[in-house]
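One-based numbering along the sequence shown. Quick caveat, the model's predicted, so the values are computed rather than measured.
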Amino acid sequence: MALLRVGQILRSVGESRTTSLVALYHKNVIDHYENPRNVGSMDKSDKDVGTGLVGAPACGDVMKLQIKVDDNGKIVDAKFKTFGCGSAIASSSLATEWIKGKSVDEAKGIKNTDIAKELCLPPVKLHCSMLAEDAIQAALKDYKLKNTPEKTVM
């Protein structure tokens, strides 16, 4: 569980996005920050796409996470765009990796504590994993809303 002093071990400014970070980050956070998985977006009007947009006013982090679900209720793709710190980006990246291939019900079980544990987030960065969990839940809710038949009112 080695912690890396970002500014001391990485390449010169311009070669790496993480050189401007001054805090200590675990290697798992650095990996997901420097090599984020599933960055991008999907068509939010697609009925098979659920979109979750969440933010933390206290720190300014904003996270958009989208899922694409097949006819069997399996998440076949996930994308994210995050404006925030390295821990927020890493939490988003990890969340998209974990939900791909899961059923909608299985994805509901992903908790911020699991994300925080995998990334070895310090207590001051736990809100980043909470945002990722909230984004997953919001995307699932949006998908369900789009795919729930409307009841006719008489």
Side-chain angles (χ1 to χ4, degrees), residues 1-11 13 15-42 44 46 48-70 72-146:
M1 196 170 17
L3 289 177
L4 307 174
R5 183 124 187 112
V6 175
Q8 294 175 343
I9 63 155
L10 297 174
R11 294 172 230 111
V13 176
E15 289 184 73
S16 174
R17 292 179 287 175
T18 49
T19 54
S20 63
L21 299 175
V22 293
L24 294 176
Y25 283 96
H26 187 272
K27 64 185 174 83
N28 294 352
V29 173
I30 293 172
D31 178 40
H32 278 277
Y33 178 74
E34 286 198 321
N35 307 294
R37 285 67 146 181
N38 308 305
V39 175
S41 59
M42 301 178 206
K44 66 180 181 181
D46 184 340
D48 296 331
V49 172
T51 301
L53 182 64
V54 296
C59 66
D61 292 345
V62 178
M63 192 176 288
K64 179 175 86 169
L65 189 140
Q66 294 179 295
I67 57 170
K68 184 171 183 93
V69 183
D70 69 11
N72 298 318
K74 183 179 176 181
I75 299 170
V76 293
D77 199 8
K79 300 285 184 195
F80 82 93
K81 285 190 176 180
T82 295
F83 177 81
C85 67
S87 295
I89 292 167
S91 294
S92 305
S93 175
L94 181 64
T96 60
E97 278 197 318
W98 280 4
I99 60 177
K100 283 170 65 170
K102 291 195 177 339
S103 70
V104 169
D105 287 337
E106 290 170 332
K108 289 178 188 174
I110 295 175
K111 300 297 177 203
N112 72 290
T113 51
D114 300 324
I115 294 168
K117 184 177 180 182
E118 177 69 19
L119 294 173
C120 300
L121 295 178
V124 72
K125 291 295 183 177
L126 291 180
H127 67 280
C128 297
S129 62
M130 290 177 204
L131 269 181
E133 180 184 345
D134 291 346
I136 292 169
Q137 298 305 322
L140 293 168
K141 182 178 178 182
D142 181 56
Y143 168 76
K144 185 177 179 183
L145 216 101
K146 287 181 178 178

Can you name the closest pair of heavy atoms from His127 and Asp61 and give their distance?
-> NE2-OD2, 3.7 Å

Side-chain contact, heavy-atom cut-off 4.5 Å: Cys120 with Val29?
-> no

Give the intermediate values and the outcome of side-chain contact (heavy atoms from CB on, under 4.5 Å) for residues Ser91 and Leu131.
-> CA-CA 8 Å; Ser91 294; Leu131 269 181; over 6 Å; no

If only atom types and distance count, is the side chain of Asn28 paired as donor or acceptor with the main-chain N or O of Glu118 below 3.5 Å?
-> yes

Between atom OG1 of Thr113 and atom CD1 of Ile115, what is the distance when rounded to the nearest 0.5 Å?
-> 8.5 Å

What is the minimum heavy-atom distance between Asn38 and Ser93, and which atoms define it?
-> ND2-O, 4.5 Å

Name all residues meeting the salt bridge (charged side-chain N to carboxylate O under 4.0 Å, His left out) criterion together with Lys68; count only those two or more places apart in sequence or in a different chain, and write none if there are none.
-> Asp46

Distance-only donor-acceptor hits, side chain of residues 72-82, under 3.5 Å, sequence neighbours excluded:
residue: Thr82; atom: OG1; partner: Ser92; partner atom: OG; Å: 2.6

Looking only at heavy atoms, what is the nearest atom pair of Ser129 and Leu121, with distance?
-> CB-CD1, 3.9 Å

Do Lys144 and Val104 pass the side-chain contact (heavy atoms from CB on, under 4.5 Å) test, and can you show the C-alpha distance, the side-chain angles, and the key distance before you say yes or no?
-> CA-CA 9 Å; Lys144 185 177 179 183; Val104 169; over 6 Å; no

Exercise: identify the closest heavy-atom pair between Leu65 and Ala95 | CD1-CB, 4.1 Å

Taking the side chain from Lys146 and the backbone from Val49, do they hold a donor-acceptor pair closer than 3.5 Å?
-> yes

Do NZ/NE/NH1/NH2 and the carboxylate oxygens of Asp105 and Lys108 come within less than 4.0 Å?
-> yes

Worked check of side-chain contact (heavy atoms from CB on, under 4.5 Å) between Lys125 and Leu119 | CA-CA 10 Å; Lys125 291 295 183 177; Leu119 294 173; over 6 Å; no

In Å, rounded to the nearest 0.5 Å, how long is the span from OG1 of Thr51 to OH of Tyr143?
-> 13.0 Å

Does atom NZ of Lys44 have more than 12 heavy-atom neighbours from other groups under 6.0 Å away?
-> no

Locate the shortest heavy-atom distance separating Lys64 from Ser41; write the atom from each residue and the value.
-> NZ-CB, 3.4 Å

Under a 4.0 Å N-O cut-off, is there an ion pair linking Asp31 with Lys27?
-> no

Are any of the side-chain nitrogens in Asp134 or Lys141 under 4.0 Å away from the carboxylate oxygens of its partner?
-> no

Do Trp98 and Ile136 pass the side-chain contact (heavy atoms from CB on, under 4.5 Å) test, and can you show the C-alpha distance, the side-chain angles, and the key distance before you say yes or no?
-> CA-CA 10 Å; Trp98 280 4; Ile136 292 169; over 6 Å; no

What are the two closest non-hydrogen atoms of Asp114 and Gly109, and how far apart are they?
-> OD2-O, 4.3 Å

